There are 2 protein chains.
Amino acid sequence: MLLNRRGVELTVEERGLLEGAITEVREFEPRKTIVEAGERVSISTILIDGILCRYIDDRKGLRQLVSVHVPGEFVDIHAYPMRHLDHGVGTLTAASVAIVPHEALKQILDPRPELARKLWFSTLIGAAMHRAWLFRVGRLDAVGRVAHFVCEMGVRMAGAGLSDGKAFHLPLTQSDLAEICGLTTVHVNRVIRQLREAGLCIFRPPFVEILDAAALARRGDFDPSYLYVDGP
Amino acid sequence: MLLNRRGVELTVEERGLLEGAITEVREFEPRKTIVEAGERVSISTILIDGILCRYIDDRKGLRQLVSVHVPGEFVDIHAYPMRHLDHGVGTLTAASVAIVPHEALKQILDPRPELARKLWFSTLIGAAMHRAWLFRVGRLDAVGRVAHFVCEMGVRMAGAGLSDGKAFHLPLTQSDLAEICGLTTVHVNRVIRQLREAGLCIFRPPFVEILDAAALARRGDFDPSYLYVDGP
DNA sequence: CGAACGTTTGAGATGACTCAAGCGTTGTGG
DNA sequence: CCACAACGCTTGAGTCATCTCAAACGTTCG
């Protein structure tokens with residue numbers, strides 16, 4: 001179940017190499033900081049279970065999430081050539097995380113340009129998601145933003161084998177959604193009600209049910225091609 | 001002057017290799033589409049002169065810019081392992097662009113993991129900028145967004161040798177700023193006035209003058225570390 | 001039982017948007 | 001050389017989406 005990120009097809013050998021580089025599996029409680037913004041990091045991680053997020057805080061402590069991670073994703077490869085982070089990383093739910101030291105990664109990747117390119121591509125999907133998130137908060141209204149996010153999570157959860165396409169586990173609070181969508185918690189609450197009353201989707205924590213996927217995608221101006229579900 | 005992206009130190013040999021792979025230099029008029037969203041691309045480009053942007057349009061044609069490029073940047077390397085684009089690319093001003101075919105890039109990078117890692121890192125700076133842009137449109141008010149963007153461009157233009165730190169050429173219209181900051185053109189106009197009246201910066205098209213860099217950065221909650229001015 | 005947390009609802013304030021018009025500059029064609 | 005179209009900038013008035021502040025409710029957990 002490791003390393004299932006869409007668009008990246010690893011060979012059995014490559015997968016074995018990467019999984020063999022895991023030195024440790026660490027467990028985190030919900031809402032814990034894993035890496036502070038600005039820290040130097042010397043490890044990459046594979047998310048085994050739970051939901052992680054990356055975030056940027058303003059001077060007053062208001063937080064903007066810039067991405068979330070679902071199980072199976074290689075989380076910090078982008079930190080491999082990067083070394084110090086421009087954002088924080090934390091858990092939203094309890095999470096279990098496999099650790100891969102950068103040094104081991106270097107040993108594996110240097111003689112394998114093809115594998116390095118696959119991992120590079122995997123970081124580029126992350127960048128494509130950033131762009132979609134920018135579109136979401138820059139151009140959509142409140143209802144559209146939440147609708148767009150639910151659509152994205154639906155597709156990603158299905159890709160991780162965690163959704164049948166109709167309903168899935170989404171253990172986020174309304175404040176989390178607010179920090180994702182650039183809204184206030186109170187307003188997210190009202191938006192959720194509108195989505196329910198419009199028959200688009202229903203939040204029944206910790207689950208979401210999509211009632212009308214086509215209408216939801218239309219409301220959120222959602223086009224899944226940035227997720228590269230069918231490969232590059 | 002090519003390939004000056006901050007945080008990426010290329011050796012003379014590496015620089016020569018990449019510049020030797022240029023097959024053509026193309027000129028574009030202002031406000032022209034270079035690549036449509038969804039197109040397959042088989043080239044990367046180095047921006048020699050002018051300003052490029054990437055954008056995502058909604059169904060009604062409203063546009064969100066997701067990045068801008070200044071001269072010296074390797075623009076489309078991320079498209080190298082990607083092949084089809086989740087966004088459009090176009091000119092804001094007249095621009096001249098050097099073309100590097102992906103095939104040539106592959107020949108150069110496959111035997112040079114160190115260089116590949118540098119270019120990889122360069123795409124990661126792009127991702128870090130996306131995150132900063134997300135913070136900008138998700139958490140800042142209108143004045144803060146424009147202030148933040150001016151700060152970013154100040155630093156990047158200085159990095160490209162195109163600013164003395166006080167004033168620089170920024171040939172963008174107020175509509176461009178609106179599409180960058182997730183605002184309307186009319187409101188950008190009022191924001192610009194507020195910035196002027198507050199003594200933070202003055203727009204005198206096509207130039208911006210920063211009057212009080214510290215106050216501007218504070219107003220825009222701007223922290224330049226994501227630009228990796230001093231390397232990874 | 002009470003504290004902590006997430007959710008829900010209401011009332012009022014406000015930042016940003018919409019629509020509309022006017023102004024200045026540039027470029028073009030009669 | 002003037003007239004006018006095109007474009008970007010500026011300003012005003014009114015509207016609306018979202019925020020702020022405040023309070024209450026239901027669970028869960030100790």
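Everything numeric in this text was worked out from a predicted model, so none of it was measured. Convention: sequence-line order gives letters A, B, ...; per-chain numbering from 1. Below, all heavy atoms of this structure are taken into account, side chains as well, without hydrogens, waters or symmetry copies.
- Considering only residues two or more places apart in sequence or on other chains, A:D57 meets the side chain to side chain donor-acceptor pair (under 3.5 Å) condition with A:R63.
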In B/S/- notation (B base, S sugar-phosphate only, - none; protein heavy atoms under 4.0 Å), nucleotides 13-30 of chain D written 5' to 3' is B----SSBB---------
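- Under the salt bridge (charged side-chain N to carboxylate O under 4.0 Å, His left out) criterion, B:R145 pairs with no residue at all, not counting sequence neighbours.
- To the nearest angstrom, P of C:dC5 lies 14 Å from CD of A:E29.
- In this structure B:E36 satisfies the salt bridge (charged side-chain N to carboxylate O under 4.0 Å, His left out) test with no other residue, sequence neighbours excluded.
- Between A:Y226 and B:H87, the ring centre distance reaches or exceeds 6.0 Å.
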Return all side-chain donor-acceptor pairs below 3.5 angstrom for residues 208-218 of chain B, not counting sequence neighbours, or 'none' if the list is empty.
from: B:E209; atom 1: OE1; to: B:R204; atom 2: NH1; distance (Å): 3.0
from: B:D212; atom 1: OD1; to: B:A214; atom 2: N; distance (Å): 3.4
from: B:D212; atom 1: OD1; to: B:A215; atom 2: N; distance (Å): 3.0

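- For the segment residues 168-179 of chain B, no residue has any heavy atom less than 4.0 angstrom from an atom of DNA chain C.
- Terminal axes of the helix from C:dC1-D:dG30 to C:dG30-D:dC1 (five pairs each, C1' rotation axis) are separated by 30°, to the nearest 10°.
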Quick tally for nucleotides 23-29 of chain C: nucleotides whose base has a protein heavy atom under 4.0 Å get B, sugar-phosphate-only ones S, the rest -, giving -------
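- Listed by chain and number, the residues in a salt bridge (charged side-chain N to carboxylate O under 4.0 Å, His left out) with A:R190 amount to none (sequence neighbours excluded).
- Whole-Å rounding puts the A:R31 CZ to C:dA4 P distance at 17 Å.
- Here B:K166 pairs with B:D164 under the side-chain contact (heavy atoms from CB on, under 4.5 Å) rule; sequence neighbours left out.
- Straight-line distance from the CD1 atom of A:I192 to the C1' atom of C:dG6: 11 Å, rounded to whole Å.
- Side-chain N/O atoms of B:N189 include one lying less than 4.0 angstrom from OP1 or OP2 on D:dT10.
- Residues forming a salt bridge (charged side-chain N to carboxylate O under 4.0 Å, His left out) with B:E27 (at least two apart in sequence, or on another chain): none.
- Residue pairs meeting the ring pair (Phe, Tyr, Trp, His ring centres under 6.0 Å) criterion with at least one member in residues 179-220 of chain B, sequence neighbours excluded: B:H169-B:F207.
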